[in-house]
Protein chains: 2
Amino acid sequence: MCHRCDYETLLEENGLNAGRNRMRVLEVIGDNEGPVSATEIHRRLIRSDPINRVTVYRILDLLVENGIVERISGEGRSFYYGLAANENHRPHPHFYCRRCGGVQCLSPGSLTVDSEPLLQTFSGRVETVAVRVVGICAHCTTSVQGKIS
Amino acid sequence: MCHRCDYETLLEENGLNAGRNRMRVLEVIGDNEGPVSATEIHRRLIRSDPINRVTVYRILDLLVENGIVERISGEGRSFYYGLAANENHRPHPHFYCRRCGGVQCLSPGSLTVDSEPLLQTFSGRVETVAVRVVGICAHCTTSVQGKIS
DNA sequence: TTCTTCTTGCAACTTAGTTGCATTCGGTGT
DNA sequence: ACACCGAATGCAACTAAGTTGCAAGAAGAA
Ligand SMILES: [Mn+2]
Ligand SMILES: [Mn+2]
Ligand SMILES: [Zn+2]
Ligand SMILES: [Zn+2]
């Protein structure tokens with residue numbers, strides 16, 4: 001993801017002007033195969049051109065507030081950022097690798113959840129029902145087999 | 001939760017001696033109606049008797065390592081702790097309130113997830129499939145209605 | 001250009017958790 | 001009672017991730 005989204009339009013639709021840094025952040029998020037942490041986004045950006053980490057955090061906050069980017073909490077203490085669901089991207093579950101900490105997107109149909117019983121009985125307001133799959137990713141399982149320990 | 005579990009036995013089954021602080025931590029976790037943060041556990045414990053926060057963190061690590069307590073990540077940056085699933089407690093989904101940050105246990109049957117399609121196709125090792133419900137809890141929805149803003 | 005607003009950088013701060021090391025506690029053996 | 005040893009605790013310092021205040025710089029509007 002994502003080669004179907006025009007980030008410039010996405011920003012301007014929300015009344016945000018498409019400055020260079022906002023575009024850069026969106027490109028890192030959209031080019032990655034799964035959600036990325038703020039630290040990782042910053043690390044990738046400073047390779048091409050210096051940018052302050054606070055600026056990255058502020059841009060991420062802005063994008064999340066405007067529903068362009070989705071913030072998800074991983075297994076550790078940091079947040080991960082991916083393109084928010086829209087007409088091009090259906091909501092989907094994520095896989096969290098316990099070993100490398102990476103997060104992968106799973107296909108939208110790979111897990112189905114029936115939330116009717118909950119919606120009937122729950123007294124608060126349910127906004128989202130997310131499925132989180134935890135385990136060891138393919139890359140980590142194979143690389144551990146070959147590891148000398 | 002939980003008045004069916006004997007914490008002393010639970011500890012000794014795992015080769016841990018049931019010292020006073022371990023028992024106290026387990027009691028706070030088990031008496032709470034949902035998962036609690038380490039900070040909250042510490043805050044409650046120091047009301048009855050002083051205990052260092054590092055001690056709380058170390059006990060929690062130990063209980064998690066031994067499968068007595070389950071560590072879950074909330075919507076924020078901190079972890080929450082609840083009694084791990086066992087013969088008395090079936091696994092169940094949790095509800096996360098965006099407003100107050102609280103976590104509630106939902107009944108085991110309130111949500112059902114079909115993970116077969118994923119298990120057939122996924123190339124890594126799937127260990128757990130958890131459902132996370134996010135929204136505004138009953139307490140927060142009612143108290144907001146009466147709020148002057 | 002000048003005025004104003006948006007954007008960025010920097011330093012300091014906060015929160016949640018971790019680590020190293022010294023002290024103390026709870027047994028066990030004598 | 002004593003010495004001994006490992007487990008448990010406390011304290012200070014440190015780290016990771018994110019936030020805040022404020023000043024400086026860039027970009028637009030007039
Ligand atoms: Mn995704
Ligand atoms: Mn629970
Ligand atoms: Zn991995
Ligand atoms: Zn609430």
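These numbers come from the heavy atoms of this one structure, side chains and all, not from hydrogens, waters or symmetry mates. The chains referred to below are lettered A, B, ... by the order of the sequence lines, with proteins before strands, and numbering in each begins at 1.
- For the pair B:Arg77 CZ and C:dT18 C1', the interatomic distance rounds to 14 Å; values are reported in whole Å.
- What separates OH of B:Tyr57 from C1' of D:dT15 is a distance of 13 Å, to the nearest Å.
- The side-chain tip of A:Arg22 does not point at the ring of A:Tyr7 from less than 6.0 angstrom away and within 45° of straight on.
- Figure legend: B:Arg71 and B:Tyr81 shown without cation-pi pairing, the cationic atom not lying both under 6.0 angstrom from the six-membered ring centre and within 45 degrees of its axis.
- If you check every strand for non-hydrogen atoms under 4.0 Å, A:Arg20 touches nothing.
- Each of D:dC22, D:dA8, D:dG18 was ranked by its minimum atom distance to the side chain of A:Arg58; first place goes to D:dC22.
- Ion pair A:Arg98/B:Glu127 flagged as a salt bridge, since at least one NZ, NE, NH1 or NH2 atom sits closer than 4.0 Å to an Asp/Glu carboxylate oxygen.
- Rounded to whole Å, atom P of C:dT7 lies 13 Å from atom CD1 of A:Ile51.
- Closest-nucleotide positions on DNA chain C for B:Ala38 and A:Ile59 were compared, and the one nearer the 5' end corresponds to A:Ile59.
- In this structure, CG of A:Asp61 is placed 12 Å from C1' of D:dT20, rounded to the nearest angstrom.
- The CG atom of B:Asn17 sits 9 Å away from the P atom of D:dA7 (whole-angstrom rounding).
- B:Ser48 and B:Arg24 share a side-chain donor-acceptor pair at under 3.5 Å.
- The side chain of B:Ser78 sits closest to C:dG17 out of C:dG17, D:dT19, C:dT8.
- What separates CZ of A:Arg53 from P of D:dG18 is a distance of 9 Å, to the nearest Å.
- Mapping B:Gly19 and A:Val54 onto DNA chain D via the closest heavy atom, the residue that lands nearer the 5' end is B:Gly19.
- When rounded to the nearest whole Å, the span between CG of B:Asn52 and P of C:dG20 equals 17 Å.
- One interatomic measurement links the two molecules: CZ of B:Phe79 to C1' of C:dG17, which rounds to 8 Å at whole-angstrom precision.
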